[in-house]
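Reviewing the structure listed below.
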Amino acid sequence: MKRKLTNFRQKVLDAVAKIPSGHVLTYKQVAILAGSSRAYRAVGNILSRNRSKKIPCHRVVRSDGKLGGYNRGIEEKIKLLKAEKSILI
DNA sequence: CGTATGACGTGCA
DNA sequence: GTGCACGCCATAC
């Protein structure tokens, strides 16, 4: 599939996809890994549009310690994090 | 091409 | 400690 994913988007998805089980990152951290420490806003946007099941976006949480949201249902995100015993930042 | 939105973050009252 | 408002970036329409 030739997706014209922008560099930023590709990097964000790649960074999230590389998150090991039981580990979580904040939107800001992901944004930094993507190359823009101030694009955490875009990160949330991209993840919200990204429905790829291959992207464990549920491992991305807010800096406040809250989960934020999940395109498949916040409850599902909580369930997944709990099942993986994700480390809260 | 331009506008509006968004799963955020920080600052200030 | 809590609540409100603004600012920031990239994407999608």
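Please read these numbers as outputs of a predicted model, since none were measured by experiment. Here is how names work: the chains are called A, B, and so on, in the same order as the sequence lines, proteins then strands, and each is numbered from 1.
- In this structure, F8(A) atom CZ and dA12(C) atom P are separated by 12 Å, rounded to whole Å.
- Comparing R38(A) and R9(A) by the nucleotide of DNA chain C whose heavy atom lies nearest to each, the residue mapping closer to the 5' end is R38(A).
- Note: E75(A) CD to L67(A) CG = 11.5 Å, rounded to the nearest 0.5 Å.
- The separation between L13(A) atom CG and dA10(C) atom P is 15 Å, rounded to whole Å.
- Applying the side-chain hydrogen bond (donor to acceptor under 3.5 Å, both in side chains) rule to S21(A) yields no partners; only residues at least two apart in sequence or on another chain are considered.
- Counting heavy atoms from C-beta on, the side chains of V43(A) and V16(A) never come closer than 4.5 Å.
- Under a hydrophobic clustering in which Ile, Leu, Val, Met, Phe, Trp and Tyr are joined whenever their side-chain heavy atoms come within less than 4.5 Å, directly or via other members, I55(A) and Y70(A) fall into different clusters.
- With rounding to the nearest 0.5 angstrom, the OG atom of S86(A) is 12.0 Å from the CD1 atom of I78(A).
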* Could you encode protein contacts along nucleotides 1-11 of chain B as a string, one character per nucleotide from 5' to 3', using B for base contact, S for sugar-phosphate-only contact and - for no contact, with a heavy-atom cut-off of under 4.0 Å? => ----BBBBSS-

